[in-house]
2 protein chains.
Amino acid sequence: MPDPPAGKQDVIFDTALRLFVERGFFGTPTSLISREAGIATGTLFFYFKTKEDLIDALYLRVKAEAAEAMNRGLDQETDAKAKLNRLGKNAVLFGLEHPEKMKFMEQFAHTPFISKSAREEGISRFFFLKDLIVQGIQEGQIRNLDPELLIFMMASSFSGLIARVGTATSPKEREIFVEQGLEFIWNGLAKKSSREPDRRKKTREYM
Amino acid sequence: MPDPPAGKQDVIFDTALRLFVERGFFGTPTSLISREAGIATGTLFFYFKTKEDLIDALYLRVKAEAAEAMNRGLDQETDAKAKLNRLGKNAVLFGLEHPEKMKFMEQFAHTPFISKSAREEGISRFFFLKDLIVQGIQEGQIRNLDPELLIFMMASSFSGLIARVGTATSPKEREIFVEQGLEFIWNGLAKKSSREPDRRKKTREYM
DNA sequence: TTGTAAATTGACTAGTCAGTCAATTGATTA
DNA sequence: TAATCAATTGACTGACTAGTCAATTTACAA
């Protein structure tokens, strides 16, 4: 069951999230949002100045929630590999528990309806990923490559993994996918053998 | 320079592609498409019965073009690793040469405006990926994991790589990103050491 | 109880949009 | 040349939309 919305704002958020994913931004009239949320049209515009304000706020909320979920319990792990493993499981769990929020982020990540400032603030919630990668490079567990690139690769891989896990037909299969997918990502990130910090000649210094 | 559009259909396709990426589906009135394409509104509806028909056709066209570009020259390579390397370079090249087509695919992959049948036909263009993966598993170069999962991971990784490569500030940096990104993907796919087909005890048979 | 401000309502406006269609133009063939 | 059909035009229609606002209700402090 969906978490019970507290106030009017939450009802509007939940309804708008569902409808935007189902029908797109311009495909969802504000009149429909308010009707489905059980409020009058005027009330929606009391809480959000415009339709754009609504989707900006929704976007920020979902991004913050996802970042929070992925970050959960990370500081209980010590080394980069353990942290990334936990991060990956958090991400998959979030994707499974909130499929419509995943779809929303995917659908509106590259869309012009979100203001530049909201998009930037949303991205900033995931800055902790960079610290994680850099830590792993310093500790010698992760290959000394461009950290931004590794973040892009990792993040996109997560989304591919979540998409595939969503098609699993049993909990057993789901578990297998998660395990294999996280292994894929770790193999992409990890230094081959050495447990020491990288001392090779470098074409470039990334940290 | 953009490839010169041949007939009216192509002009409409090119204009619609640009506007849909800039403004979204519902954010782009057919009147704007026809105006920018230099034709009358009626002409657009002569070539496409409805606005939905237009975006379906556009989606199919872009998907087919992308699949064709990625497949290019693959049969000149022999083993799976070489094929995947070529595939990756094709994909990155396509992404760099046709950024608006990439954005279009990303933006409309998870969108409800594309009909189910068009989406399925679009996906079918990429079936050759599965043959490639299965070949690699059989030859013992790729790990014996669920091929669908590997395709999802690989495809999403490509899109992450292309996104990052798009931010490169020099051809040199671009080259480095491509090299490192393809290495990430290959390490995710590849069997650790053995050059022989997998003979380990399996929890599951994937081919 | 009374007063005040916040919350809520929904009819309304000014504007926009997908798609139509009767009329015109262009190309091809007999 | 005449006849035929495909291509093209753009004014028009019926339907829909974001946002407004004057009126009403609710919450709550004095």
Side-chain angles (χ1 to χ4, degrees), chain A residues 4-61 104 107-108 111-119, chain B residues 4-61 104 107-108 111-119:
Chain A
K8 285 266 154 65
Q9 284 229 33
D10 288 327
V11 183
I12 296 172
F13 271 138
D14 290 355
T15 310
L17 173 68
R18 175 170 58 82
L19 291 173
F20 283 150
V21 168
E22 272 172 20
R23 313 165 49 98
F25 179 66
F26 282 102
T28 306
T30 53
S31 58
L32 182 62
I33 300 175
S34 43
R35 195 183 318 138
E36 299 261 310
I39 60 171
T41 57
T43 307
L44 192 154
F45 289 98
F46 176 78
Y47 285 99
F48 304 96
K49 245 167 72 77
T50 66
K51 198 182 172 187
E52 270 80 14
D53 280 1
L54 168 59
I55 201 171
D56 267 12
L58 182 56
Y59 180 82
L60 282 179
R61 195 185 146 106
F104 179 83
Q107 199 168 133
F108 289 91
T111 240
F113 318 134
I114 309 284
S115 75
K116 204 181 159 188
S117 65
R119 197 187 309 279
Chain B
K8 285 266 154 66
Q9 284 229 33
D10 288 326
V11 183
I12 296 173
F13 272 137
D14 290 354
T15 310
L17 173 68
R18 175 170 57 81
L19 291 172
F20 283 150
V21 169
E22 272 171 21
R23 312 166 49 99
F25 180 66
F26 283 102
T28 306
T30 53
S31 58
L32 182 62
I33 299 175
S34 42
R35 195 183 319 137
E36 299 260 311
I39 59 170
T41 56
T43 307
L44 191 154
F45 289 98
F46 175 77
Y47 285 98
F48 303 97
K49 246 167 72 77
T50 66
K51 199 183 174 187
E52 270 80 14
D53 279 2
L54 168 58
I55 203 172
D56 266 13
L58 183 55
Y59 179 83
L60 282 179
R61 196 186 144 104
F104 179 84
Q107 200 169 130
F108 290 91
T111 239
F113 319 132
I114 309 283
S115 75
K116 204 181 161 192
S117 65
R119 196 186 310 278

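Here is how names work: the chains are called A, B, and so on, in the same order as the sequence lines, proteins then strands, and each is numbered from 1. Just so we're clear, the structure is a prediction, and the values are computed from it rather than from any experiment.
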Could you check whether any side-chain N or O of B:T43 sits under 3.5 Å from a backbone N or O of B:I39, counting only pairs where one atom can act as donor and the other as acceptor? no
Can you name the salt bridge (charged side-chain N to carboxylate O under 4.0 Å, His left out) partners of A:E52, sequence neighbours left out? none
Looking at B:F20, B:F48, B:Y47, which one forms a ring pair (Phe, Tyr, Trp, His ring centres under 6.0 Å) with B:F13? B:F48
Where does the chain B footprint on DNA chain C start and end, counting 5' to 3' with a 4.0 Å heavy-atom cut-off? C:dC17 to C:dT20
Evaluate the side-chain proximity of B:V11 to B:K8: yes if any heavy-atom separation is below 4.5 Å, no if none is. no
A side-chain contact here means heavy atoms from C-beta on lying under 4.5 Å apart; do A:L54 and A:I33 qualify? yes
Base, sugar-phosphate, or nothing: which does A:Y47 touch, judged by heavy atoms less than 4.0 Å apart? sugar-phosphate
Carboxylate-amine/guanidinium contact B:R61 B:D10, below 4.0 Å: yes
Measuring from B:L17:CG to B:I12:CD1, what's the distance to the nearest 0.5 Å? 13.5 Å
Test of understanding: with side chain to side chain contact (heavy atoms under 4.5 Å, CB included), list the residues that count as partners of A:P29, not counting sequence neighbours. A:R23, A:S31, A:L32
Give the stems involving DNA chain D, where a stem is 3 or more consecutive Watson-Crick or G-U wobble pairs (i with j, i+1 with j-1, and so on) under 3.5 Å. C:1-30 with D:1-30
Is there a side-chain contact between B:L19 and B:E22 in this structure, where contact means two heavy atoms from C-beta onward sitting under 4.5 Å apart? yes
Applying side chain to side chain contact (heavy atoms under 4.5 Å, CB included), name anything that partners A:F113, two or more places apart in sequence or on another chain. A:F25, A:F26, A:F108, A:T111
Enumerate the residues from residues 24-44 of chain B whose closest heavy atom to DNA chain D is under 4.0 Å, giving them by residue number; use none for an empty result. B:I39, B:A40, B:T41, B:G42, B:T43
